Every structure is written in structure tokens, then in C-alpha cells.
Number of protein chains: 2
Amino acid sequence: MPTQHGARGRARREEIVRAAIEVIAERGYRGASLAAVAEKVGLTQQGLLHYFPSKEDLLIGVLRFREQTDSGGRDTVAEPMTMADTEAVVEANANRIAIVRTFSALLGESVTEDHPAAEYFRDRYRLVRERLAATLRLEWGDRLPSGLTPEEAAPLVIAIMDGLQYQWLHEPETFDMPAAFRSFLRLLDPKAAS
Amino acid sequence: MPTQHGARGRARREEIVRAAIEVIAERGYRGASLAAVAEKVGLTQQGLLHYFPSKEDLLIGVLRFREQTDSGGRDTVAEPMTMADTEAVVEANANRIAIVRTFSALLGESVTEDHPAAEYFRDRYRLVRERLAATLRLEWGDRLPSGLTPEEAAPLVIAIMDGLQYQWLHEPETFDMPAAFRSFLRLLDPKAAS
DNA sequence: CGGAACCTACCGATCGGTCGGTAAACGAGG
DNA sequence: CCTCGTTTACCGACCGATCGGTAGGTTCCG
């Protein structure tokens with residue numbers, strides 16, 4: 001078992017994961033070769049395999065890395081306690097195009113058969129929907145201003161965030177993702193200042 | 001130039017395109033091998049290359065096929081003249097999981113570098129946004145009931161459709177995509193019966 | 001000494017694509 | 001109707017590249 005002790009090894013692993021995120025953003029998971037990731041951190045492919053014994057292990061590393069550190073990643077929606085926070089997340093994502101691209105590409109791939117990230121996204125969706133519904137209920141009670149229940153609104157918030165990212169990624173300089181998201185928030189609560 | 005005349009050849013090409021759509025749904029575009037597509041229609045990989053001289057040409061064929069025939073595909077949003085039609089599109093998509101999966105997978109891949117479908121999706125988004133805005137304006141004038149302009153609302157409708165598909169594809173039996181979309185329509189127009 | 005951190009040398013599989021053929025269908029001319 | 005050249009519809013053999021992964025080291029640090 002590599003990388004167990006030693007801050008040295010842990011740092012190297014993180015370096016590798018960051019490189020993997022970049023490569024996946026450029027080529028997707030299937031298109032990302034271990035060799036390309038290895039080269040980015042100055043390793044051979046086999047050197048990389050010392051830290052992550054298989055490509056799938058590396059992907060798991062990427063997914064885990066996001067869950068831990070990534071306090072600005074797309075779905076940190078899992079955490080925020082107010083709707084204003086979700087807006088901040090979108091804003092932050094607009095400045096993290098590489099990470100957004102990585103996870104948008106992964107999300108797309110994950111709908112194909114036996115994709116190693118499929119389970120991750122399914123569980124993630126469930127979790128985020130739950131927490132988001134709780135957040136909405138905390139903010140507005142059992143009925144939003146629009147008349148929707150929190151359970152009805154939560155999937156819509158997620159869908160908007162995901163969907164806007166694709167439009168934005170295809171026209172990063174033209175498409176104003178945060179503004180579009182704010183429009184949606186106005187839809188949820190017409191009285192909101194924002 | 002193959003397939004120019006002859007209904008025979010044209011039919012074969014369509015057969016191939018349909019097979020390609022299936023394979024892409026299972027493996028994505030990068031993961032889809034010409035051999036796998038060829039096998040589905042009882043051809044060798046070289047036989048397939050007779051009809052589509054390269055893998056990219058096959059993808060173009062898939063994209064074109066959708067634009068023509070696919071009157072129920074995800075984005076036929078380009079056509080409908082009323083909002084009720086968009087609801088019908090979503091409903092139809094809920095019964096076309098293979099095609100939805102294909103284009104969701106392609107959309108995801110298309111955000112990676114130099115993807116052959118990137119231009120297609122970008123142009124498609126522009127077009128659909130325009131037409132949808134026109135539809136919205138026709139239905140409600142310059143301000144929707146929620147106060148949004150048609151140009152503000154159009155990207156949101158698209159984002160919802162795209163985003164809901166990913167959640168649905170990850171839980172096809174549990175997640176009620178049409179119901180979620182109707183919730184969104186209620187957000188757009190609280191007075192709607194639906 | 002022992003384990004972590006690598007690397008060289010390979011391997012079998014798969015990929016998209018080329019080359020060069022063959023066989024059948026087809027249209028035109030006699 | 002029958003030839004005959006052309007096009008269409010394929011297939012077998014092959015190729016160079018790349019892929020993820022294994023086996024078996026060596027170096028170096030604690």
C-alpha cells in the first residue's frame with residue numbers, strides 16, 4: 001500500500017490528482033491516458049501506477065479529492081445553508097472553468113454503460129437533492145413563493161446549475177452563467193432583490 | 001462517393017447511423033468503436049468505412065440524422081411553437097432513453113478539447129435559444145408572468161431540459177422527469193393549469 | 001534492513017485507417 | 001436479349017499507434 005504514511009507521498013498523490021483533473025478536462029476520462037497524466041507531474045506511466053494501481057483508482061482519487069477539498073466545486077451545493085450560497089457557488093464556478101469542465105465531461109460520460117463514475121453521480125444527486133430540499137425548507141417552509149414544495153424545487157435547482165454549465169462551457173466568453181442563474185433565483189422568489 | 005444514388009445505399013446508411021446511436025449510448029463517442037457499430041449491422045469495420053470514410057464522418061451522420069428525422073429528440077425544442085409543445089417533447093424523451101443517452105453523452109464529451117461535436121452543440125444552443133425566445137415572446141409578450149424577458153428565460157428552459165435528463169438517466173425508474181419539467185413550467189407561469 | 005519511490009522492458013489488446021482486391025448490380029449500345 | 005464498362009458494395013490482410021497493465025528490477029531514505 002503506497003502513500004500510507006509520509007506527507008511526501010500524500011502531496012505527490014494530490015499533485016497527480018490535480019494533473020488528472022486537467023487531463024480529464026481536456027480529453028474526458030476515457031480519452032485521458034495515464035501517460036499524459038504522468039507526464040504532467042514528471043513521471044512515467046508506471047511511476048504513476050505506483051500511486052494509483054489502476055486507472056479507475058485514479059478516478060476514484062479525483063472524485064474523493066473533490067468531495068474533500070473542493071469547497072468551490074460545482075456541487076458543493078451539498079453544503080450551503082442558504083440560497084444565497086448557491087449563487088456564490090455558481091459565481092465561483094465561473095472562475096474555475098477547468099474543474100467545471102472536468103466534472104461536466106465526467107457527468108456526460110457517466111450515463112454510458114458500466115461507467116465507473118455512474119454510482120458516484122447517482123449518489124451525489126440523491127444527497128444534493130436532499131440537502132438542497134432541506135435548505136429550501138429552512139428558507140421558505142413547506143411552500144416556496146412560487147407554490148412549489150422544496151422537494152419539487154430541489155431537482156430544478158440542480159438541473160439549472162448543470163444545464164447552464166454546458167451552455168456556458170460552449171461559449172465561455174459570451175454566456176453569462178451567473179446572470180442566468182440569478183434569473184432563475186428570481187423565478188423561485190420574485191420578491192428577491194438580487 | 002458512395003451512397004449518392006440508390007435508395008438501397010441510403011437505407012443502409014440510415015441503418016448504420018441507428019446502430020451508431022446505440023453504440024454511442026453505451027460507450028460514448030470516444031468509446032464507440034467502428035467495429036462494434038459495424039457488427040450491429042452485419043458488416044466488417046472496412047465495410048462500414050465504405051459508407052462513412054472516417055469515424056468523424058459517422059458522427060456527422062448521426063448529428064445530421066437527428067436534425068432531420070428526429071422529431072422527438074431532446075432538442076427538437078428548435079421547432080415547437082408553444083410551451084405546451086416543449087412539455088410534449090420532454091414527455092416523448094422519457095420514452096426514448098437510448099437517444100437521450102446518446103446525446104447527453106455527446107454533450108458531455110463535447111466540452112473537451114477539439115471535440116468534433118463541439119461546434120454542433122454551440123450552434124445548436126444558439127439556434128434553440130433564439131427560437132425558444134421567439135416562442136416565449138409569442139406566448140407572453142416582452143415579459144413573462146414571472147417578470148423575466150424571453151431572452152432571460154430561454155436559456156433556463158434549455159438548462160432545465162438538459163439538466164433534468166442527467167438526473168433522470170441516473171435513476172430512470174425513480175426520477176420523474178416530465179413531472180419535474182411541469183414543475184418548472186409552473187414556475188414560469190404560476191397560473192398555468194398543468 | 002525494509003519499504004517507499006520510482007524506472008526499463010515488455011505484453012496483449014484495440015483502435016482508426018489504408019491497400020488492394022472481388023463480386024454483384026446497373027446503365028448504355030448493339 | 002445480350003454484352004460490357006462502370007459504379008456500388010463490400011471483405012481480407014495489414015499497419016502504426018496507443019492503451020492499461022505486469023514483472024522485475026534499482027535507488028534512496030529512514
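Lettering follows sequence order; numbering is per chain, from 1. Computed from a predicted structure; not experimentally measured.
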Expressed as a whole number of angstroms, how long is the span from [X]:[atom1] to [N]:[atom2]?
X	N	atom1	atom2	value
A:Arg10	C:dA4	CZ	P	13 Å
A:Leu34	D:dG20	CG	P	4 Å
A:Leu49	D:dA23	CG	P	13 Å
B:Leu58	C:dC15	CG	C1'	15 Å
B:Lys55	C:dT18	NZ	C1'	18 Å
A:Arg30	C:dT14	CZ	P	15 Å
B:Glu56	C:dG17	CD	C1'	14 Å
A:Phe52	D:dC19	CZ	P	19 Å

Salt bridge (Lys or Arg N to Asp or Glu O under 4.0 Å): pairs with one or both residues in residues 103-116 of chain A, sequence neighbours excluded: none
Using OP1 and OP2 only, check whether a side-chain N or O of B:Ser33 sits under 4.0 Å from C:dT14. no
Looking for any heavy atom pair under 4.0 Å, which part of the strands does B:Ala36 touch: base, sugar-phosphate only, or nothing? nothing
In numerical order, the residues of residues 109-119 of chain B whose heavy atoms come under 4.0 Å of DNA chain C are none
Can you see whether A:Arg66 engages A:Thr102 through a side-chain donor-acceptor pair at a distance of less than 3.5 angstrom? no
Assign a letter to each nucleotide of nucleotides 6-12 of chain C from its 5' end: B, base within under 4.0 Å of a protein heavy atom; S, sugar-phosphate only; -, no contact. BSBBB--
Show the nearest heavy-atom pair for residues [X] and [Y], with the distance to one decimal.
X	Y	answer
B:Pro150	B:Leu136	O-CD1, 3.7 Å
B:Lys40	B:Ala19	CB-CB, 3.8 Å
B:Thr112	A:Glu26	CB-O, 3.2 Å
A:Tyr166	B:Gly108	CE2-CA, 3.9 Å

Please name the residue in the list A:Arg122, A:Arg124, A:Arg126 that meets the salt bridge (Lys or Arg N to Asp or Glu O under 4.0 Å) test with B:Glu171. A:Arg126
Is it the case that more than 12 heavy atoms not belonging to B:Gln46 sit under 6.0 Å from its CD atom? yes
For this output row, return yes or no: ring centroids of B:Phe121 and B:His115 closer than 6.0 angstrom. no
